Amino acid sequence: MSHKAVVVGAGVAGLVAAAALSLAEPTMQILLLDRDELPHGPENRRGVPQGRHAHLLMAGGLSAMESLFPVSVRERLLAAGAHEIALGNGMLALTPDSGWLRRWKWHGPRMITCSRALLDWVLRQALLDSCPNVSIHRARAEGLLGDARRVCGVRIGAADDALGAELEADLVIDASGRGSDSLKWLNDIGITGIEERKVDSGLTNATRIYRTPAGAESFPLTVIQANPYDGTPGRSAMVLPIEGNRWMVSAGGTRGGEPPQDPQGFLAYALDLPHPIVGQLISGAEALTDVVVSRGRSTSNARRYFEKATHWPERFIVLGDALATFNPAYGQGMSVAALGARVLAEEVRRTGPAGPGLARRVLRGVSRHVDTAWATAVGMDVLYPGVLGGEPGVADRVAARYARRLTRAATGSFDAASALWDVTSLTAAPTRVLRPKALLAALTGPLLPRTAEPPLLPSEREVFDRLRKGLEESGTSRALS
């Protein structure tokens with residue numbers, strides 16, 4: 001018997017969910033619905049509120065994607081111009097109050113950097129090229145068919161094809177993102193009392209694209225991390241290599257420390273951080289776009305505890321940002337969506353899409369990955385002044401104190417650094433930082449002295465000195481234009 005599934009939302013969560021269903025049951029008909037008209041190439045679209053800002057695809061998320069698609073997502077991304085960066089030696093990172101992370105010979109987990117538009121495009125093409133049982137339709141889902149015991153499809157609003165007003169399905173996946181209406185849909189069929197939590201640090205992101213300066217094509221990803229420990233607003237910046245020989249430069253500030261949108265203020269903000277390297281790198285670079293700013297609910301942490309609901313309908317599952325959203329500064333959302341889709345594939349393969357209890361098992365399995373990302377994001381965000389929705393409790397303060405010690409140790413201890421890489425990349429559970437070697441490193445501190453200046457290779461130092469010299473000699477006219 002051939003089954004039918006409807007996936008609401010054609011962003012990353014929806015694409016990986018459709019791939020997971022196709023993998024688990026290749027004969028299933030899978031209809032992917034999105035209210036936007038999807039672009040015919042790697043272009044930004046309105047339905048992705050953080051789409052113009054920096055995105056990191058962590059090793060754990062990439063591994064999950066590789067397991068879900070019949071073709072290699074990694075190879076397609078790299079062929080399209082994405083960059084693969086090792087956490088251990090491929091980036092420069094200034095920690096909040098402990099100096100620069102060292103770069104070790106062992107490369108550590110690798111992450112993918114590119115524009116969000118390219119990532120969406122590559123995933124969408126990989127899905128359509130390799131999964132003939134998947135089709136994408138422009139349509140707006142407006143509610144669920146069924147009742148509190150079982151969902152049997154969706155109600156359709158505006159659509160540009162012959163889907164009709166009601167679309168029956170054996171399985172419905174809500175992957176519609178931060179703007180999900182799943183709470184309303186559930187309420188309409190009699191499911192109420194879902195627990196929610198929101199923690200908002202007031203993060204504002206400001207991003208500008210530059211042409212990579214000549215000779216700097218291999219310059220490492222550079223990040224000045226925000227400081228959640230000193231009682232002041234968090235301020236950060238990142239130079240991210242993306243496709244097309246470009247740098248995506250994103251500055252971020254929590255409530256009270258927001259980066260400005262005008263070019264002069266944007267550059268001044270980067271130069272005024274605890275180290276001016278980001279501003280120095282871009283001061284002589286050619287700007288290709290204006291400064292784009294996003295703030296408000298698109299940067300907050302929000303979680304719906306569907307897995308704890310007293311009653312839950314069969315055959316309805318929520319994944320991705322529709323389930324939980326995280327401050328994008330921590331680069332976890334896409335990876336959590338992919339890891340959740342892998343849980344979906346495993347459970348559908350085990351019992352089929354109509355198996356009793358499938359939705360409950362998937363939600364509970366996915367919640368374990370959500371827990372990891374949530375603890376990281378909220379554990380830091382509650383420390384910033386003016387945060388809404390949360391005050392740091394005893395457990396938060398203990399965790400923050402340990403994270404601070406481990407980060408300080410990581411500036412001069414390989415054991416501490418590798419533990420941080422594994423958890424950050426979502427390739428290991430948070431308990432990884434409590435293993436004996438990591439604990440010992442946190443207790444004893446860094447074995448090597450603090451590095452006050454970025455650990456540049458000689459060739460990188462030459463590039464950096466040239467760019468910095470250009471700033472000193474010619475001022476900031478090009479970057480301010």
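Counting from 1, the numbers follow the sequence of the chain as shown. All figures in this text were calculated on a predicted structure; none of them were measured in a lab.
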Do Thr113 and His83 pair up side chain to side chain, a donor and an acceptor below 3.5 Å, judged on atom types alone? no

Taking the side chain as every heavy atom from C-beta outward, state whether Arg45 and Leu38 have any pair of such atoms under 4.5 Å apart. yes

Please list, chain by chain and in numerical order, all residues satisfying side-chain hydrogen bond (donor to acceptor under 3.5 Å, both in side chains) with Asp262, sequence neighbours excluded. none

Member of Leu171, Val172, Asp174 meeting the side chain to side chain contact (heavy atoms under 4.5 Å, CB included) criterion with Val151: Val172

Does the Ser367 side chain pair with the main chain of Arg364, one donor and one acceptor, at a distance under 3.5 Å? yes

Should Ser300 and Val199 count as side-chain neighbours, where that means a heavy-atom distance under 4.5 Å? no

Apply ring pair (Phe, Tyr, Trp, His ring centres under 6.0 Å) to Tyr210 and Trp247, showing your working. CA-CA 5 Å; Tyr210 295 82; Trp247 278 349; 7.8 Å; no

Flag yes if more than 12 heavy atoms outside Arg35 fall under 6.0 Å of its CZ atom; otherwise flag no. no

Salt bridge flag under 4.0 Å for residues Arg103 and Glu460: yes

Are Asp272 and Arg235 close enough for a salt bridge, meaning some N to O gap below 4.0 Å? yes

Test your reading of the model: is there a side-chain donor-acceptor pair from Ser115 to the backbone of Leu118, 3.5 Å cut-off? yes

What I'd like to find out is whether the side chain of Val293 reaches to under 4.5 Å of the side chain of Thr207, using heavy atoms alone. no

Kindly assign one of parallel, tilted or perpendicular to the pair Phe219 and Phe464, based on the angle between their ring planes and the thresholds 30° and 60°. tilted

Are any of the side-chain nitrogens in Arg74 or Glu84 under 4.0 Å away from the carboxylate oxygens of its partner? yes

Could you check whether Asn301 and Asp381, counting side-chain N and O atoms only, form a donor-acceptor pair closer than 3.5 Å? yes

Would Arg124 and Asp120 pass as an ion pair if we require N to O under 4.0 Å? no

Just checking, any donor-acceptor pair under 3.5 angstrom between side chains of Arg361 and Thr351? yes

Do Pro96 and Pro228 make a side-chain contact, defined as non-hydrogen atoms from C-beta onward lying under 4.5 Å apart? yes

Are any of the side-chain heavy atoms of Arg102 and Thr411 separated by less than 4.5 Å? no

Any donor-acceptor N or O pair under 3.5 Å, side chains Thr325, Arg178: yes

If you count heavy atoms of other groups shown closer than 6.0 angstrom to CZ of Arg304, is the number above 12? yes

Test your reading of the model: is there a side-chain donor-acceptor pair from Tyr269 to the backbone of Gly252, 3.5 Å cut-off? yes

Do Leu203 and Ser201 have side chains that approach each other closer than 4.5 Å (heavy atoms only, starting at C-beta)? yes

If you count every heavy atom of other residues, nucleotides or ligands that lies below 6.0 Å from Arg349 atom CZ, does the total exceed 12? yes

Would you check, one step at a time, whether the test side-chain contact (heavy atoms from CB on, under 4.5 Å) holds for Arg255 with Leu388? CA-CA 10 Å; Arg255 191 168 283 107; Leu388 302 179; 3.6 Å; yes

Could you name each residue pair satisfying ring pair (Phe, Tyr, Trp, His ring centres under 6.0 Å) that touches residues 357-411, not counting sequence neighbours? none

Partner set under side chain to side chain contact (heavy atoms under 4.5 Å, CB included) for Pro233, not counting sequence neighbours: Thr254, Pro385

If you define the side chain from C-beta out and look only at heavy atoms, does anything of Ile277 sit under 4.5 Å from Ile224? yes

Do Ile191 and Pro313 come close enough that some side-chain heavy atom pair is under 4.5 Å? yes

Parallel, tilted or perpendicular, as decided by the 30° and 60° cut-offs, for the rings of Trp185 and Phe316: tilted

If we ignore hydrogens and angles and just use 3.5 Å, is the side chain of Glu314 paired with the main-chain N or O of Gly357 as donor and acceptor? yes

Is it the case that Arg208 places NZ or CZ above or below the six-membered ring of Phe266, under 6.0 angstrom from the centre and within 45 degrees of the axis? no

